[in-house]
Amino acid sequence: MPELPEVETVRDGLARHVLGRTVAGVDVHRDYSVRRHTGGPLDLAGRLAGRRFEAAVRRGKFLWVVLDAPGTDHPDAALLAHLGMSGQLLVRSAAELEQGAAHPHLRVRVRLSDGGALDFVDQRTFGHLSVTDLVPTADGAPGGLGSDLPLLPEPAVHIARDLLDPALDREDLVRRLRARRTGLKRALLDQTLVSGIGNIYADEGLWRARLHYARPTDTLRRPEVERALDGAAEVMRAALAQGGTSFDALYVNVNGQSGYFDRSLAVYGQVGRPCPRCGALVRRDEFMNRSSFTCPVCQPRPRNARF
DNA sequence: CACACGTCCTGGTAGC
DNA sequence: TGCTACCAGGACGTGT
């Protein structure tokens with residue numbers, strides 16, 4: 001599943017492969033994939049045609065490509081993407097487009113003026129593309145990683161900074177997390193508190209921190225919160241170094257190559273296998289209509305569990 | 001039929 | 001009372 005490391009891998013790929021290139025036109029194969037573009041598919045195509053890609057930026061799991069604003073050097077719009085569970089952005093060469101059959105889950109094709117294309121492929125269709133206005137950030141710092149512009153796509157203004165963002169106010173995050181009255185994992189997954197963490201890295205980070213997902217946030221001691229945040233940040237950095245996580249070929253990076261961090265997972269998806277630290281058997285619990293994996297010894301369930 | 005799950009939305013609560 | 005922030009859970013969608 002694309003979480004922060006996978007999205008960052010895609011962002012880096014876009015930065016290296018599509019910046020400076022110009023949109024010729026857009027083919028929307030599945031309207032649902034552009035459902036969050038308010039003007040509909042035709043409007044999206046109209047706002048992209050003729051625009052040049054200026055920068056590839058990411059905050060949490062949100063990714064956007066800044067568009068040039070002809071006649072000015074003040075960009076005011078971006079192509080915004082969220083990959084959902086299975087979204088991919090694939091850079092296609094003109095030669096590829098001529099010979100290869102279209103991917104069965106191709107949802108949107110952004111045709112480029114040089115004959116290539118940027119394809120949005122998404123089997124499970126939780127992802128989406130839109131063209132949106134850019135608005136100033138609340139703190140005046142860059143909107144995300146990949147550009148110095150203090151701008152954010154309007155649909156992402158409520159998304160908090162992520163753990164790899166230099167402008168993250170860590171003290172404020174710790175304070176806000178401890179002020180919550182919920183379970184630790186639920187807080188880590190809340191993108192308005194801290195962004196980029198999904199089910200996989202939440203479980204892996206909590207395992208590193210030796211904390212149970214149901215620990216009540218308002219009873220956590222400050223060092224425990226630091227451990228939880230450090231655990232998530234470390235596991236995401238490790239995954240990023242290996243190009244992201246992949247389980248079932250649903251995720252591939254911008255060139256179509258899969259990551260292989262899944263070989264390094266300690267608990268996620270490892271039910272019944274030994275904990276790499278203590279050997280106890282990893283367990284799976286139902287949690288928020290999804291799964292949580294823990295080591296029952298390293299991460300004992302608290303008596304005052306909260307979900 | 002259960003399961004994979006990130007985000008949006010709705011209806012609710014707590015506290016000032 | 002009204003406001004704000006926060007909280008919980010259902011819905012969405014496709015394919016194995």
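Lettering follows sequence order; numbering is per chain, from 1.
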Base, sugar-phosphate or nothing for A:Thr192? Non-hydrogen atoms, less than 4.0 Å. nothing
Rounded to whole angstrom units, what separation is found between the NZ atom of A:Lys185 and the C1' atom of B:dG6? 13 Å
Of the listed nucleotides (C:dT14, B:dT7, B:dG6), which one gets closest to any side-chain atom of A:Phe126? B:dG6
5'-most contact on DNA chain C (nearest-nucleotide basis), A:Arg180 vs A:Arg290, goes to A:Arg180
Compare the minimum distances between each of B:dC8, B:dA4, B:dT7 and the side chain of A:Arg124, then state the nucleotide with the smallest one. B:dA4
Closest of C:dT14, B:dT7, C:dC7 to the A:Thr125 side chain is C:dT14
Ion pair A:Asp218/A:Arg306, N-O distance below 4.0 Å: yes
Counting side-chain heavy atoms from C-beta on, which of C:dT14, C:dA8, B:dG6 comes nearest to A:Thr182? C:dA8
For A:Met288 and C:dC7, give me the distance from atom CE to atom P, rounded to whole Å. 12 Å
Can you tell me how far CG of A:Asp68 sits from OG1 of A:Thr22, rounded to the nearest 0.5 angstrom? 7.0 Å
Using the rule given for side chain to side chain contact (heavy atoms under 4.5 Å, CB included), can you reason through A:His37 versus A:Arg47, listing the C-alpha separation, both sets of side-chain angles and the distance that settles it, and then say yes or no? CA-CA 11 Å; A:His37 184 87; A:Arg47 290 191 66 179; 4.3 Å; yes
Closest listed nucleotide, where the reference is the side chain of A:Arg36 and the choices are B:dT7, C:dT14, C:dC12: B:dT7
For the pair A:Phe307 and A:Phe287, name the ring-plane relationship: parallel under 30°, tilted 30 to 60°, perpendicular over 60°. tilted
Any A:Gln191 side-chain N or O less than 4.0 Å from OP1/OP2 of B:dT7: yes
Considering only C:dG15, C:dG13, C:dA8, which nucleotide approaches the side chain of A:Arg30 most closely? C:dG13
Return the nearest nucleotide to the side chain of A:Tyr32; candidates are C:dC6, B:dC8, C:dG13. C:dG13
Minimum-distance nucleotide (side-chain atoms of A:His105 versus C:dT14, B:dG6, C:dG10): C:dT14
Distance in angstrom units between A:His103 NE2 and C:dG15 P, rounded: 11 Å
B:dG6, C:dG13, C:dT14: which one has an atom nearest the side-chain heavy atoms of A:Met85? C:dG13
Mark yes when over 12 heavy atoms from residues, nucleotides or ligands other than A:Asp148 sit less than 6.0 Å from its CG; otherwise mark no. no
Which listed nucleotide (C:dA8, C:dA11, B:dC3) is nearest to the side chain of A:Arg186? C:dA8
Nearest-Å distance, CZ (A:Phe307) to C1' (C:dA8)? 13 Å
How close or far is atom P of C:dC7 from atom CZ of A:Phe287, stated in whole angstroms? 13 Å
To the nearest angstrom, how far is A:Leu188 atom CG from B:dT7 atom P? 14 Å
Single hit among A:Lys61, A:Arg58, A:Arg59, A:Arg237 for salt bridge (charged side-chain N to carboxylate O under 4.0 Å, His left out) with A:Asp162: A:Arg58
Assign each of A:Pro155 and A:Ser291 to its nearest nucleotide of DNA chain B by heavy atoms, then name whichever residue's nucleotide is nearer the 5' end. A:Ser291
Taking for each residue the nucleotide of DNA chain C with the nearest heavy atom, is it A:Arg181 or A:Pro104 whose nucleotide lies nearer the 5' end? A:Arg181
Within less than 4.0 Å of OP1 or OP2 of C:dG10, is there a side-chain N or O belonging to A:Asn289? yes
Using whole Å, report how far CZ of A:Phe120 lies from P of C:dT14. 13 Å
Whole-Å distance, A:Arg58 CZ to B:dG6 P, equals 15 Å
